[in-house]
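Just below is one structure, and these are the notes that go with it.
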Amino acid sequence: MSAPLLSSVKLGRYTLPNRIVMAPLTRNRAAAGNVPTALNALHYEQRASAGLLITEATQISPEGLGYPNTPGIHSPEQVAGWKLVTDAVHAKGGKIFLQLWHVGRISHPDLQPDGKLPVAPSAIAPEGEAATYTGMKPFVTPRALELEEIPQIIEQYRIGAKNALEAGFDGVEIHSANGYLLDQFLQDNTNLRTDIYGGSVENRTRLLLEVTEAVVDVWGSDRVGVRISPSGTFNSMYDSNRAAIFGYAVKKLNRFNLAYLHLVAPRVEGFGSAEDQPDLGAEFFRPIYNGTIITAGGYSFETGNQAIASDSADLVAFGRLYIANPDLVERFAANAPLNKPDRNTFYGGDEKGYTDYPTWQG
Ligand SMILES: Cc1cc2nc3c(=O)[nH]c(=O)nc-3n(C[C@H](O)[C@H](O)[C@H](O)COP(=O)(O)O)c2cc1C
């Protein structure tokens with residue numbers, strides 16, 4: 001069987017040895033001050049044979065934080081910590097992009113500077129509970145951002161992007177998926193604004209495009225990707241016409257000529273799916289988007305190869321398989337058995353379930 005996942009591919013300015021991407025994976029193992037450590041560096045280094053590694057979501061500002069012990073990219077200590085990661089990955093010949101993150105309403109005063117309310121496009125609380133330092137607590141109603149504050153949010157993305165450049169990354173991915181701030185602006189159950197950032201699809205897409213512009217200013221378009229999850233319902237997301245908002249946003253992203261568009265596929269276990277509307281997968285976006293597409297969500301070696309062979313995507317990102325299989329590329333190539341990920345050690349803890357998954361060869 002031919003295995004297109006194992007063939008090389010051009011992505012922005014880079015030529016990657018294979019089409020296997022390590023998906024962004026939050027693991028809540030940063031040190032005090034949300035600083036990446038040598039343990040984090042080892043985790044990424046172990047996975048460096050992926051064609052591309054994308055880091056766990058990384059907050060661009062203190063207000064962008066939504067969970068304990070996730071890393072940031074807004075302090076000098078965090079930049080120094082990330083340098084350990086990029087050096088380790090580069091020493092193994094890998095390429096690594098940082099995922100730029102602002103959680104918006106998916107936070108809690110316990111996690112915010114001075115115990116303030118989290119910010120969001122509109123004052124609408126998500127269902128469920130926030131993960132705080134003292135356990136799960138019901139989400140609060142966030143504070144709607146004032147129009148005058150939006151330039152500061154864009155500036156936070158720009159600074160995060162600059163810091164990522166300084167930390168030695170090969171590029172950045174703008175996290176506009178899974179119900180976080182930029183997704184909250186896109187979808188109409190979280191964005192009830194009546195100014196130029198709400199209402200029409202044009203207005204709801206504005207912040208994503210302005211953030212992309214700011215990040216591209218720093219990095220050049222060929223080292224920037226954008227991630228969206230057009231079918232997901234994770235974090236209480238819903239839009240009355242997903243095809244319209246995401247179709248429009250993706251069409252508009254064409255003008256940047258980005259390194260890639262990263263799609264979270266419909267019906268991914270654990271991330272929900274809008275049942276009342278058609279699935280918006282890579283097949284839907286392929287005719288709309290002019291550039292490289294990465295698809296993610298529930299793929300195996302077999303279905304990943306099919307996605308590329310059928311030309312619905314160019315690369316495939318693997319999440320849970322990468323948690324458990326640092327040598328996923330080598331295992332795929334050898335048709336070797338795969339380790340099973342242990343959910344109990346996904347979020348938080350130490351090296352257990354993080355850097356101790358065995359390679360196939362031992
Ligand atoms: C433990 C865990 C952490 C995750 N963290 C992130 C994240 O930080 N950023 C993001 O965009 N997606 C995140 N995701 C979603 C994954 O990137 C991926 O889209 C999802 O797991 C589906 O792919 P899979 O079926 O190959 O695991 C996370 C998923 C898991 C299981």
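Each ligand, and each atom within it, is numbered from 1 in the order the structure gives.
Here the closest heavy-atom approach between residue Arg204 and residue Leu186 is recorded as NH1-O, 2.7 Å. Taking all atoms of both residues into account, the shortest heavy-atom contact from Arg27 to Glu56 is N-OE1, 4.0 Å.
Near Asn178, with a cut-off below 4.0 Å to any heavy atom, the atoms of ligand 1 are 10 (C), 11 (O), 12 (N). Under a 4.0 Å criterion applied to the non-hydrogen atoms of Val268, ligand 1 contributes the atoms 22 (C). The contact set between ligand 1 and Ala23, taken as ligand atoms under 4.0 Å from a residue heavy atom, comprises 17 (O).
Asn163 places no side-chain N or O within 3.5 Å of a backbone atom of Val79 that could act as its donor or acceptor partner. Side-chain atoms of Asp239 come within 3.5 Å of backbone N or O of Asn241 as a donor-acceptor pair. The closest donor-acceptor contact from the side chain of Asp356 to the backbone of Gly353 lies under 3.5 Å. Side-chain N or O atoms of Glu173 include none that pairs as donor or acceptor with a backbone N or O of Phe97 at under 3.5 Å.
Checked by distance only, ligand 1 and Ala57 come closer than 3.5 Å through their nitrogen or oxygen atoms. Not a single N or O atom of Val264, backbone or side chain, sits closer than 3.5 Å to an N or O atom of ligand 1. Between Arg27 and ligand 1, no pair of N/O atoms sits closer than 3.5 Å.
Under the 4.0 angstrom criterion for non-hydrogen atoms, Gly297 is in contact with ligand 1. Residue Leu321 places no heavy atom under 4.0 Å from ligand 1.
Considering each of Gly319, Pro24, Gly232, the one bringing a non-hydrogen atom nearest atom 17 (O) of ligand 1 is Pro24. Nearest-residue assignment for atom 18 (C) of ligand 1 (options Arg320, His262, Arg227; heavy-atom criterion): Arg227. The option with the heavy atom closest to atom 24 (P) of ligand 1, from among Gly298, Ala296, Ala317, is Gly298.
Enclosure of atom NZ in Lys10 by more than 12 non-hydrogen atoms of other residues, nucleotides or ligands within 6.0 angstrom is indicated. At most 12 non-hydrogen atoms from other residues, nucleotides or ligands lie less than 6.0 angstrom from CZ of Arg343. Crowding of Lys137 atom NZ: a count of heavy atoms from other residues, nucleotides or ligands under 6.0 Å exceeding 12.
Phe271 CZ, 3.6 Å is the protein heavy atom nearest to atom 15 (C) of ligand 1. Closest to atom 9 (N) of ligand 1, if we only count protein heavy atoms, is Gln99 OE1, 2.9 Å. Of all protein heavy atoms, the one closest to atom 30 (C) of ligand 1 is Leu25 CD2, 3.7 Å.
The backbone and the side chain of Thr26 each have at least one atom closer than 4.0 Å to an atom of ligand 1 (non-hydrogen atoms only). The part of Tyr347 lying near ligand 1 is the side chain, judged by heavy-atom distances below 4.0 Å. At a heavy-atom distance under 4.0 Å, only backbone atoms of Phe318 (N, CA, C or O) approach ligand 1.
A side-chain contact (heavy atoms from CB on, under 4.5 Å) with Tyr44 is found for one member of Thr355, Thr55, Thr86 and no other, namely Thr55.
No side-chain heavy atom of Val9 sits under 4.5 Å from any side-chain heavy atom of Thr15.
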